[in-house]
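Remarks on the structure that follows.
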Amino acid sequence: MELTLDRKSPFEVQADALIVLEFEEQSSLPKGYEPMREAGELKGKLKEFALLHHVPGYKAHRILVAGAGMKKSFHSSDLRTVIAASVRFLKARHLGKASLVLPEDLSTPEHVSAASEGAILGDFECDRLKSDHAEDTPLASFHIVVDGGGDDLEAGLKRGRILAESQNFARALGNEPANLLTPTILADRAQAMARETGLGFEVLDEARMRELGMGALLGVSQGSAEPPAMIVLRYEPKHPAAGKPKLGLVGKGVTFDTGGISIKPADKMDQMKFDMCGAAAVIGAMRAIALLEPSIPVIGVCPSVENMLGPKAQRPGDIVTSLSGKTIEVLNTDAEGRLILADALTYAQQLGCTHLVDAATLTGAVVVALGHHHTGMFSTDDALLERWKHATESEGEPMWRLPLGAEYREQLKSGYADMGNIGGRDGGAITAAMFLKEFAGETPWIHLDIAGTAWNEKSKPHMAEGGTGVLVRSFVTLAVNWRD
Ligand code: BES
Ligand code: MN
Ligand code: ZN
């Protein structure tokens with residue numbers, strides 16, 4: 001997609017459609033169209049649209065009036081959403097050349113970034129494996145028209161493109177079916193991306209994992225014909241900042257989760273191809289990090305396996321020894337994410353990470369607790385959590401903190417090993433986090449349960465169905481904005 005910043009008058013813009021933002025308290029309808037407001041046909045509410053044809057004085061063929069809500073509470077995240085919805089509105093009408101009039105007071109790098117992101121995210125469609133693409137008109141061009149604004153607007157454009165393309169990269173990985181995205185293929189995709197962007201890349205194979213002693217991960221993987229992969233991506237800054245932080249991003253990469261011997265019901269099991277969305281978020285974020293070059297080193301660690309059942313599969317009651325040395329009684333083979341993350345968290349610490357953030361489609365319980373709008377967030381470190389909250393708020397990715405506490409640890413007790421891998425139905429998202437905490441140890445750590453937010457079951461006005469790429473933008477912002 002052609003994406004540019006144009007400094008010219010809106011009247012001069014040639015386009016299929018020129019998008020203008022319509023606020024509740026401040027109308028920007030072209031001259032002569034005021035009666036639309038007076039009649040109540042338009043109120044300026046978010047996601048309200050009106051398409052005007054042949055508006056006098058404009059060279060553009062159409063004006064798309066896009067409701068933007070209240071101006072006084074308008075956040076750059078709202079701009080991202082409005083633009084994404086506008087782009088999808090236009091694509092549905094086979095209009096591929098769009099421009100946006102960015103009002104002068106919104107002509108900041110932050111808003112230019114958000115608008116670019118909106119265009120690229122709204123354009124994304126998962127039709128790679130459909131023979132007939134006729135339904136989807138890709139956006140050919142998106143021009144952001146500004147009347148003033150500083151020289152720093154170009155940087156906003158660049159940032160927005162990198163962030164959104166990286167998020168779409170993660171979304172596309174999430175949408176791949178499990179037959180076409182095995183742990184080996186996921187590693188290949190990460191490697192190809194690393195080659196393009198200059199990241200360091202390494203993958204631990206099964207033999208190496210056995211040598212190191214990653215018994216928790218290997219127990220999950222042993223039921224599958226597909227070999228596991230521990231994917232490691234490394235970003236090193238050219239001019240490292242003072243202090244010695246090394247950020248570790250850890251992502252659950254279960255390419256398919258049948259549940260194993262503790263098999264899942266058939267209904268909606270197809271959705272379990274999404275169980276690698278934590279890994280996809282980490283790989284997508286590492287892409288953007290490579291291109292935006294923050295001043296701290298970042299390591300992405302993605303344990304990837306397929307959770308299958310068969311003659312070699314692990315049984316409920318099996319006891320495995322994790323890389324940390326702790327023993328685990330596998331009481332339910334469907335609680336596999338925490339098993340592979342246990343070894344990945346220990347490994348990330350062995351690689352020298354001083355701060356850990358993990359992302360995982362970990363529990364159905366978090367979906368019961370928070371639904372599909374907030375990611376479940378857990379942390380052992382208030383300073384790290386403060387940084388993280390800043391990043392998520394500026395990126396408009398809602399999170400809700402849930403507690404950790406020794407009282408929940410009781411539920412993980414095992415009669416035969418250091419701990420069991422399940423804590424019962426009550427507080428299921430919390431006991432899963434408590435399990436991970438055993439392996440994060442003293443290292444400042446955040447756990448993000450994205451089981452409810454990584455997947456969009458039905459398309460929304462601003463987003464296609466399928467993988468959402470949640471956390472990519474926040475991960476990148478956490479790294480890029482890291483200051484001592
Ligand atoms: N990948 C699932 C989590 C999941 C379940 C996400 C449903 C979205 C919808 C995870 O591996 C899992 O199966 N968790 C179990 C844990 C239980 C056995 C303690 C769950 O949530 O049911
Ligand atoms: Mn499972
Ligand atoms: Zn799973």
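Atoms within each ligand, like the ligands themselves, are counted from 1 in listed order. Positions are given from 1 along the sequence.
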Exercise. Look at D257 and state whether any of its N, O or S atoms is less than 2.8 Å from the Zn ion (ligand 3).
Key: yes

Quiz item: How wide is the angle at the Mn ion (ligand 2) between OE1 in E336 and OD1 in D334, to the nearest 10°?
Solution: 120°

Self-check item: Enclosure of K437 NZ (heavy-atom neighbours >12, cutoff 6.0 Å)
Solution: no

Quiz prompt | 4.0 Å heavy-atom contact, I422 with ligand 1 | solution = yes

Exercise. Counting heavy atoms only, name the option from V368, L362, V366, L339 that's nearest to atom 14 (N) of ligand 1.
Key: L362

Practice problem: Check if W455 has a non-hydrogen atom at a distance under 4.0 Å from any atom of ligand 1. | Solution: no

Practice problem: State if K268 counts as touching ligand 1 under the rule of any non-hydrogen atom under 4.0 Å. | Solution: no

Exercise. Validate the cation-pi geometry between R93 and F89: distance from NZ or CZ to the six-membered ring centre under 6.0 Å, angle to the ring axis within 45°.
Key: yes

Quiz item: Parallel under 30°, tilted from 30 to 60°, perpendicular over 60°: which one fits the rings of F435 and F439?
Solution: tilted

Quiz item: What class does the angle between the rings of F74 and H111 fall in, given that below 30° is parallel, 30 to 60° is tilted and above 60° is perpendicular?
Solution: parallel

Quiz item: Do any N/O/S atoms of G337 come under 2.8 Å of the Zn ion (ligand 3)?
Solution: no

Quiz item: Nearest non-hydrogen atom to atom 9 (C) of ligand 1 belongs to which of Q271, M272, R425?
Solution: M272

Quiz prompt | Atom indices of ligand 1 within 4.0 angstrom of T361 heavy atoms, with elements | solution = 1 (N), 2 (C), 3 (C)

Quiz prompt | K252: numbered ligand 1 atoms lying under 4.0 Å from its heavy atoms | solution = 1 (N), 10 (C), 11 (O)

Self-check item: Numbered atoms of ligand 1 (with element) below 4.0 Å of E336, judged on heavy atoms
Solution: 11 (O)

Practice problem: Using a strict 4.0 Å cut-off to heavy atoms of N332, name the atoms of ligand 1 that fall inside it. | Solution: 18 (C)

Exercise. Find all atoms of ligand 1 within a distance of less than 4.0 Å from any non-hydrogen atom belonging to R338, and give their numbers and elements.
Key: 16 (C), 19 (C)

Practice problem: Mind telling me whether F475 and W388 have parallel, tilted or perpendicular rings, with 30° and 60° as the class edges? | Solution: tilted

